[in-house]
S.K.: 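Provided herewith is a single structure, encoded as structure tokens, for subsequent inquiry.
The figures here come from the full heavy-atom set of this structure, side chains too, leaving out hydrogens, waters and symmetry mates.
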Amino acid sequence: MLAALRQRHRNPFDARWRPHGHGWRAIAEPNPGEHEMKALEGKVAVIVGGTSGIGARTAEVFVEEGATVVIAGRRSDAGEALASKLGGAASFVKTDAASETELKDLIDGTAQRFGRIDCLFNNAGYGIPQRSIADLDIAEFDAQMAVIVRAVVLGMKFVAPVMLRQRSGCILNTGSIAAHRSGLSSQTYSLAKAAVVHATRCVAAELGEHNIRVNSISPGAIVTGVFAKGVGVDPNTADRHLETVTRHFANAQPIPRAGMPQDIAQAALFLASDSGSFINGVDLVVDGGVITGNRFSAGIQARRDLVAAVKAEIDSAG
């Protein structure tokens, strides 16, 4: 994908044209030795929930592809370390996604500092232990909804005026395959992510008329600390258990390897770049095939076992 994106953002159907405003414009063929434009060159991106996992890897990829990135999150140590690692193209702003004031300050401050915002990635996560609906803790529920749903809506609210002035922009929201199938996560997480995916569609219909694209990305079993937090691991040590998560996620989907933050970062890069300029209101599922159903080989074996059990019982009945 990176190789394609680096080809000066060319339309794959005609290398002489590239996206521009509401349409396409002709471009000159590059001369030998000419600077090769990167996929996000000159763009400004804000990543909420950018200090670890998917957000951190996306920040790295965006910087590699020419973007100026503002990393937002609650963990100052991790955020400052990542920004320092990425150099002058990245900075960190301590932000609690559950705080309306802090989110507004993040967006307004970025717009004032750089004069524009080309991409907002609403990626803040909140993992809590899975519980039966009968054991629902409403305080946990409210806290989870504040970060997963409310923060996404507020992020879109605050960045919309900036992008409307520009008449351009890209908003990305992190959904989940749990928004599409029951039984993949807790009831509260699943309904929160379903709300994110549908909110994405609703806002895309409005802002698309102004050349602002709004899409969501729904990861499957991706190796991040969020999973460990969701099963009760201390949030401060969750990232230490990624090797264990990787081993168990390897067989969670038809593609026989664990999903990695890089997989989601590449999807975000595509959608944020000019290569995704005609994609709006879409939930891009990146899950190795989880939502297609059970692994085919496992399904075949299960059916064989069922047939054998029924036949054995019939035979024993004489």
S.K.: If you count the non-hydrogen atoms of other residues, nucleotides and ligands that lie under 6.0 Å from CZ in Arg74, is the total more than 12?
M.R.: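 Result for CZ/Arg74: open.
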S.K.: For Ser218, run the side chain to side chain contact (heavy atoms under 4.5 Å, CB included) check against Val290, Thr200, Asp283 and tell me which one passes.
M.R.: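 So the option named by the test is Asp283.
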S.K.: Could you tell me if the side chain of Leu164 sits less than 4.5 Å from the side chain of Leu207, heavy atoms only?
M.R.: yes
S.K.: Pair Met145, Thr188 - check side chain to side chain contact (heavy atoms under 4.5 Å, CB included), show working.
M.R.: CA-CA 8 Å; Met145 293 294 286; Thr188 56; over 6 Å; no
S.K.: Using only atom types and a distance under 3.5 Å, with no angle test, would you say the side chain of Lys38 pairs donor to acceptor with the backbone of Phe62?
M.R.: no
S.K.: At their closest point, which heavy atom of Gly73 faces which heavy atom of Thr51, and how far apart are they?
M.R.: CA-CG2, 4.1 Å
S.K.: List the atom of Gly288, the atom of Pro254, and the distance in Å for their closest heavy-atom pair.
M.R.: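 Shortest heavy-atom separation between Gly288 and Pro254 comes out as O-CD, 3.4 Å.
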S.K.: Any chance you could measure Arg167, atom CZ, to Glu209, atom CD, to the nearest 0.5 Å?
M.R.: 9.5 Å
S.K.: For the pair Arg181 and Asp287, find out whether any cationic side-chain nitrogen is under 4.0 Å from an anionic carboxylate oxygen.
M.R.: no
S.K.: Assess whether a salt bridge exists between Glu64 and Arg57, defined as any Lys/Arg side-chain N lying under 4.0 Å from an Asp/Glu carboxylate O.
M.R.: yes
S.K.: Do Val159 and Phe114 belong to the same hydrophobic cluster, where Ile, Leu, Val, Met, Phe, Trp and Tyr are linked whenever their side-chain heavy atoms lie under 4.5 Å apart, directly or via other members?
M.R.: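 Cluster IDs for Val159 and Phe114 match.
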S.K.: Are the side chains of Arg116 and Ser168 in contact, using a 4.5 Å heavy-atom criterion?
M.R.: yes
S.K.: If only atom types and distance count, is the side chain of Asn215 paired as donor or acceptor with the main-chain N or O of Leu172 below 3.5 Å?
M.R.: no
S.K.: Measure from the side-chain N and O atoms of Ser99 to the backbone N and O of Asp96, and report whether any donor-acceptor pair falls under 3.5 Å.
M.R.: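 No.
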S.K.: Evaluate the side-chain proximity of Val61 to Gln262: yes if any heavy-atom separation is below 4.5 Å, no if none is.
M.R.: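 Yes, their side chains come closer than 4.5 Å.
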S.K.: Between Thr95 (side chain) and Val93 (backbone), is there a donor-acceptor pair under 3.5 Å?
M.R.: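 Answer holds: yes.
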S.K.: To the nearest 0.5 angstrom, please state how far the CD1 atom of Ile107 sits from the NZ atom of Lys157.
M.R.: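 One finds 12.5 Å between CD1 of Ile107 and NZ of Lys157.
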S.K.: Quick one: does Asn123's side chain have a donor or acceptor within less than 3.5 Å of a partner on Gly49's backbone?
M.R.: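 Yes: the side chain of Asn123 pairs with the backbone of Gly49.
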S.K.: Gln187 versus Leu136: any side-chain heavy-atom pair under 4.5 Å?
M.R.: no
S.K.: Hey, is the main chain of Met260 close enough, under 3.5 Å, to the side chain of Asp263 for a donor-acceptor pair?
M.R.: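 Here the side-chain-to-backbone pair exists.
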S.K.: Should Ile264 and Val197 be regarded as members of a common hydrophobic cluster, given that ILVMFWY residues are connected when their side-chain heavy atoms come within less than 4.5 Å of each other, either directly or indirectly?
M.R.: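 No, separate clusters.
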S.K.: Quick one, Val285 with Ile291, criterion side chain to side chain contact (heavy atoms under 4.5 Å, CB included). Give me CA distance, side-chain angles, the key distance, then yes/no.
M.R.: CA-CA 9 Å; Val285 175; Ile291 64 170; 3.9 Å; yes
S.K.: With a 4.0 Å cut-off, would you call Lys43 and Glu65 a salt bridge?
M.R.: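 The answer is no: the pair does not qualify as a salt bridge.
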S.K.: Would you say Tyr189 and Ile138 are hydrophobically clustered, going by side-chain heavy atoms of ILVMFWY under 4.5 Å?
M.R.: yes
S.K.: Please report the shortest heavy-atom distance between Ser91 and Arg113, naming the atom on each side.
M.R.: OG-NH1, 3.0 Å
S.K.: About how many Å separate CD1 of Ile54 and CD1 of Ile217, when rounded to the nearest 0.5 Å?
M.R.: 8.5 Å
S.K.: List the atom of Lys94, the atom of Ser76, and the distance in Å for their closest heavy-atom pair.
M.R.: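 Closest approach of Lys94 to Ser76, heavy atoms only: CD-OG, 3.1 Å.
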S.K.: Verify, without hydrogens or angle tests, whether Arg213 (side chain) and Gly276 (backbone) share a donor-acceptor contact under 3.5 angstrom.
M.R.: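 Yes, because the side chain of Arg213 sits within donor-acceptor range (under 3.5 Å) of the backbone of Gly276.
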S.K.: Specify the closest pair of heavy atoms between Val147 and Ala97, including all atoms of both residues, with the distance to one decimal.
M.R.: CG1-CB, 4.5 Å
S.K.: Are any side-chain N or O atoms of Asn280 and backbone N or O atoms of Val214, one a donor and one an acceptor, separated by less than 3.5 Å?
M.R.: yes
S.K.: Before you tell me yes or no, could you show the steps for Phe270 and Ile279 under side chain to side chain contact (heavy atoms under 4.5 Å, CB included), namely the whole-Å CA-CA distance, both residues' side-chain angles and the distance that decides it to 0.1 Å?
M.R.: CA-CA 10 Å; Phe270 172 71; Ile279 300 175; 3.4 Å; yes
S.K.: Can you tell me how far CD of Glu60 sits from CD1 of Ile71, rounded to the nearest 0.5 angstrom?
M.R.: 8.5 Å
S.K.: Taking the side chain as everything from C-beta on, heavy atoms only, tell me whether Asp118 gets closer than 4.5 Å to Cys170.
M.R.: no
S.K.: If you measure from CE on Met156 to CG on Leu103, what distance do you get to the nearest 0.5 Å?
M.R.: 12.0 Å
S.K.: Within this structure, what is the CD1-OG distance for the pair Ile177 and Ser190, rounded to the nearest 0.5 Å?
M.R.: 9.5 Å
S.K.: Which is it for Thr174 and Lys193 under the side chain to side chain contact (heavy atoms under 4.5 Å, CB included) test, yes or no, and what are the steps along the way?
M.R.: CA-CA 8 Å; Thr174 299; Lys193 289 301 187 179; 4.1 Å; yes
S.K.: Closest heavy-atom contact between Glu80 and Phe92?
M.R.: OE2-CD2, 3.6 Å
